[in-house]
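Below, read A as the first sequence line, B as the second, and so on, with proteins coming before strands; counting in each chain starts at 1. Everything quoted here is computed from the prediction, not taken from an experiment.
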Amino acid sequence: MSEFAYQLLLTLDATLRLATPLILCAMAGIFSERSGIIDISLEGKMLMGAFVAAAVAFTSGSPWLGVLAAMLASVVLAVVHGFACITHRGNQVVSGLAINILASGLTVTIGIALFRQGGQTPPLGSTDRFRPIEWWLVDALDAVPIFGPIYRELISGHNMLVYIALFLVPLSAFLLYRTRFGLRLRAVGEVPKAVDSAGISVSFLRYRAVIIAGLLCGIAGAYLSIGQGAGFVKEMSAGKGYIALAAVIFGKWRPVPALLACLLFGFLEAVSARLQGVDLPLIGEAPTQLMLALPYVMVVLVLAGFIGKASPPAAIGQPYSK
Amino acid sequence: MMTDKDMKDGRDGAHSFALKLNGISKSFGAVRANRDISLDVRAGSIHGIVGENGAGKSTLMNIIFGLQTADSGDMQVFGQLASIRSSADAIGLGVGMVHQHFMLVPNMSVLDNVMLGTEGGYLLAEGREQTLEKLKQLSSEYGMGVDPFALIEDLPVGIRQRVEIIKAIKGGARILILDEPTGVLTPGEAKQLFDILRSLRDDGVTVLLITHKLEEIMAITDHVSIMRDGEMVAHRETAATNPQELARLMVGRDVLLSVEKEPASPREVKLRVSGLGCSSRAGNRLLKDVSFELRAGEILGIAGVAGNGQTELLEILSGMRTVDDGSIKLLDQTIDADNALSPYNLRELGVAHIPEDRHEHGLVLSFEAQENAILGYHNDPGYVRGMVMDKDAVLERCETLMKDHDVRPPNPSLHASNFSGGNQQKIVIGREVDRNPEILLVGQPTRGVDVGAIEFIHKQLIRLRDEGCAILLVSVELEEILSLSDRVMVMNEGEIVGIVDQTEASQERVGMMMAGIGSDAAA
């Protein structure tokens, strides 16, 4: 296998790892926004999830307990968002921003109070985290050309949360398009009155949607601190929630296109990491900062130029009152 | 005289009333929308409810359907005391409703919309076959054919309404409420709707029809109840009443239903439109080769179902939209793709515009009446001193306007949003007509306006015409077009189907033309 192909394979492998939190948050965003609730608090919920996952995993020694606690914490924030936006018909952007700011401050404050390490959690031992899973026959298939390395690097060797994230995409699509809940969810984000006049509670439906968003963001956060990383670091979500939101829009609020958008953004991030310190033709070695900014610049370009007509759910951002 | 139906009802005894309301009251803040309303609706009849806008009809229907809860009073459905706290309760009791603004999701299929709320299982696949079967059955029983897989947004309004009716009755609703169902329909579609309603009644469904169109009440209902100012003022057998009596009961005084006017004496051409065309941003042709003339001293009425190019035509003529093809000769100016005139220029030339949507384009609702009374004319020397507004002049102007146009309450510092629809419209009309414009563009002058105000507005338009103003009138109310216009121009899909003289413009002929059937074929 050529050097270039191997590098590409490693980049794709990194793509998958970097895209996982985006995929989870994007699915969360789809559920919330399809129900009509703008969710810029993906970021804050993920950050809170990351902190709680690391703290609980460190204390209990169980990564699974960490994920569950992260989901719970994230759902608490989601319900706060729901309470502000659904019950009290507040401004959804303001409420989302408030949650992001709250999560950003609260994680560090509690972190300092609990662990006295400047807002971080102590580094997690390998049993406290999700570790890569070696699939069957990796070594045996190594000899197979092309498929062998792909199987080893790309398919096998990720932690459980990566596979869960990928599995959640078809599950989300199934929920949205094949079930009663999905039909009602899609309808409530378009014409909530239609749902109301069919005798279905708009509020309950939207609460369920934001709670699902909370659960998914919690997993995303746990992935950051106890899957991909080994402990919580201040502001470790680093804008991923917003990138995921961009992926939702780029994917026109549909799970599979949003997955592809997440993979694209993940790929850009992986490439930018790989290109650091590399001599590029014509321009020479690009500054690290520029390379780090690359994925974000690309997100802006993609959203501005290539998205075409994105029609969001018609009732998004509008509080429902009879 | 006892009809067959009465005898059947009599035999049924306990079930002779589908719906009985007793002392229903509902207030929104200080506004008492419904006051001590009692109503008996016979099972298997079509029962009309008429009243002016704001009389409380919609509130009452929302209470019956559980979208709102009454402050006091009780309700019986088929003889059982019913507590309806949500639309789910209402649906459970066999009450279905077709709303004035359709409760349909535009980017979902007919099937999905019909299934919403009664999916028949957690997986959509489970109920799908059953719903398709039901759709087929309803379409053969009532002639309500509709493609279950079509997206709602691709369907004409008449068909969308059918979907609403199917939604309401598919679960076996015994009482069907329709709120202003014909507002968006062509006369032909309205007739089809009435046929459907009649066959539903013959199958024992009780129909409650809310409307402000008296001719519909006369045409289809068995009984009628009249509401005014939140109260139920009278009940009548339709056969034993007439439109004049109903109008008097609705308004509380005698009303002239027909417009009295002399034949027009048109003079010089003020506006000549030739080959006018325009496209939407997506590239759809909104207007195609529109040509006509408008003379001083005449009213040219444009009939058509909403959304067939009338809005765009008014927008172009008032300067809100630019011309793509063709040209307009307006007074002594030429407007085409290269020469645009802004609404401001046009106003200076003497073109006044009463927009179709007064909330969007006619008024700033959060401004006071006096500010609204000069909007668009706020640079007139009479209203400014140097850089600042002359508050006294503005106030005086508004007071005069309110007096001349009978705006109630005559309070210049009240915010526009606090006036009723009719009085808001009077402010707009007063502002636009008081400078004696040469050309007046009027869109939906009486939309959402009560009967009393309609009479007043119509008189104003006729007076202006007699004074020599050239008036272009767009309205989706065919009745209004026919009674005011000297010539009637019919538009369909952005094209002019034909222009007919008032004397030859019958309801049937114009109705056919509105559906796109040419004037020759229709004649």
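With a 6.0 Å radius and a threshold of 12 heavy atoms from other residues, nucleotides or ligands, A:Phe83 has its CZ atom at or below the threshold. Within a 6.0 Å radius of OH in A:Tyr163, other residues, nucleotides and ligands contribute more than 12 heavy atoms. Around NE2 of B:His101, the count of heavy atoms belonging to other residues, nucleotides or ligands within 6.0 Å does not exceed 12.
Contact detail for A:Asp196 and B:Leu67: the closest heavy-atom pair is OD2-CD2, 3.9 Å. Taking both residues in full, the closest heavy atoms of B:Met108 and A:Ala187 are given as CE-CB, 3.9 Å, listed atom of the first, atom of the second, then distance.
For A:Tyr177, the part sitting under 4.5 Å from any heavy atom of chain B is the backbone (N, CA, C, O) and nothing else. Using a 4.5 Å cut-off between heavy atoms, A:Arg178 contacts chain B through its backbone alone, with no side-chain atom that close. At a 4.5 Å heavy-atom cutoff, the contact between A:Ile200 and chain B is made by side-chain atoms alone. For chain A, no part of B:Asn62 is nearby; none of its heavy atoms comes within less than 4.5 Å. Only the side chain of A:Leu175 comes within less than 4.5 Å of a heavy atom of chain B; its backbone N, CA, C and O stay farther away.
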Evaluation steps, side chain to side chain contact (heavy atoms under 4.5 Å, CB included), between B:Glu126 and A:Arg180 = CA-CA 10 Å; B:Glu126 295 170 23; A:Arg180 178 171 70 194; over 6 Å; no
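Put simply, the side chain of B:Glu119 reaches to within 4.5 Å of the side chain of A:Leu183, judged on heavy atoms. For the pair A:Val195 and B:Leu116, the minimum side-chain heavy-atom distance is below 4.5 Å.
Ranked by heavy-atom pairs under 4.5 Å with chain A, the first of B:Thr118, B:Leu124, B:Leu123 is B:Leu124. Your options are A:Ser201, A:Ala314, A:Ala198, A:Ser197, and the one with the most heavy-atom pairs under 4.5 Å with chain B is A:Ser197.
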